[in-house]
S.K.: 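After the structure tokens below, expect a handful of questions from me.
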Amino acid sequence: TQLLKQSPQFLSIQEGENLTVYCNSSSVFSSLQWYRQEPGEGPVLLVTVVTGGEVKKLKRLTFQFGDARKDSSLHITAAQPGDTGLYLCAAGGEYGNKLVFGAGTILRVKS
Amino acid sequence: EPEVTQTPSHQVTQMGQEVILRCVPISNHLYFYWYRQILGQKVEFLVSFYNNEISEKSEIFDDQFSVERPDGSNFTLKIRSTKLEDSAMYFCASSRDSSYNSPLHFGNGTRLTVT
């Protein structure tokens, strides 16, 4: 079973600041997904990364997959209060979509 | 945009009672899943379902759990005799196929409280 460790567990920053959250494992992933979850709702997929070294951008969010496909990071530039939420990474196999989730990073952006 | 819907949003039941959690997946999706999230803990995989049968299940998904797609529309999770430790958010999800290119779409969950 792959274990995903996310850090930090909690992050509270001011509007306009930059931040990075991390997702690490000792195992190699076939794919890794980042989700955002708001209270009372299910996780919503932000991005899937598959190739080692891959970088994907989604507006102010930049996702990177490590060269060895064991780690990933999410960087947010100029954070906004609307970015507040729980950010989850999840590792999946090539088939089956049985995802293993990390414990998440709770982000709070203060205005 | 089509979405996965779950009912009820909150279910309170007594220990030992049977509960059925209901989900309507996105209509052209072929793979269906149940995940759960105990308060303060990780989202955990329970079971995946394809072509009217379970394709994979976790060790959490024991004989007390069952899934069914009774009418081609609904996808249900039944817990036969609930325990206190079954209290959690239960998320249904669906995907078009099983590859990583086919993202999971999650519903907003059913909060199950066992008293």
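Naming: A, B, ... by sequence-line order, numbering from 1 per chain. Computed from heavy atoms alone, side chains included, the values below leave out hydrogens, waters and symmetry copies.
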S.K.: Atom CG of residue position B:D63 - does it have more than 12 heavy atoms of other residues, nucleotides or ligands inside 6.0 Å?
M.R.: no
S.K.: Side chains of A:L45 and B:L104: does their closest heavy-atom pair fall under 4.5 Å?
M.R.: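 The answer is no; the side chains never approach within 4.5 Å.
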S.K.: What do you reckon, is CZ of B:R69 surrounded by more than 12 foreign heavy atoms closer than 6.0 Å?
M.R.: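 Counting neighbours around CZ of B:R69, more than 12 heavy atoms of other residues, nucleotides or ligands fall under 6.0 Å, so yes.
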S.K.: Taking atom CD of A:Q14 as the centre, report whether more than 12 heavy atoms of other residues, nucleotides or ligands fall under 6.0 Å from it.
M.R.: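 Buried by this count: over 12 neighbours within 6.0 Å.
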S.K.: Name the region of B:S55, side chain, backbone, both or neither, that has any atom closer than 4.5 Å to a heavy atom of chain A.
M.R.: neither
S.K.: Report which part of B:Q37 has an atom under 4.5 Å of a heavy atom belonging to chain A: side chain, backbone, both, or neither.
M.R.: side chain
S.K.: Considering non-hydrogen atoms only, spot the tightest contact between A:L4 and B:K42 and give its length.
M.R.: O-NZ, 3.8 Å
S.K.: Can you confirm whether more than 12 heavy atoms, excluding those of B:K57, are under 6.0 Å from its NZ atom?
M.R.: no
S.K.: Would you say the ring centers of A:F101 and B:F45 fall short of 6.0 Å from each other?
M.R.: no
S.K.: Does any heavy atom of chain B fall under 4.5 Å from the side chain of A:Q37, the backbone, both, or neither of them?
M.R.: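 Answer is side chain: those atoms of A:Q37 sit under 4.5 Å from chain B.
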S.K.: Is it true that, when you exclude B:K83 itself, more than 12 heavy atoms of the residues, nucleotides or ligands shown sit nearer than 6.0 Å to its NZ?
M.R.: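 Enclosed.
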S.K.: Taking A:L99's backbone N and O only, do any of them form a donor-acceptor pair with B:Y35's side chain (distance below 3.5 Å, no angle check)?
M.R.: yes
S.K.: In this structure, are over 12 heavy atoms from other groups packed under 6.0 Å from B:L39 atom CG?
M.R.: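 Atom CG in B:L39 is not packed in, count stays at 12 or less.
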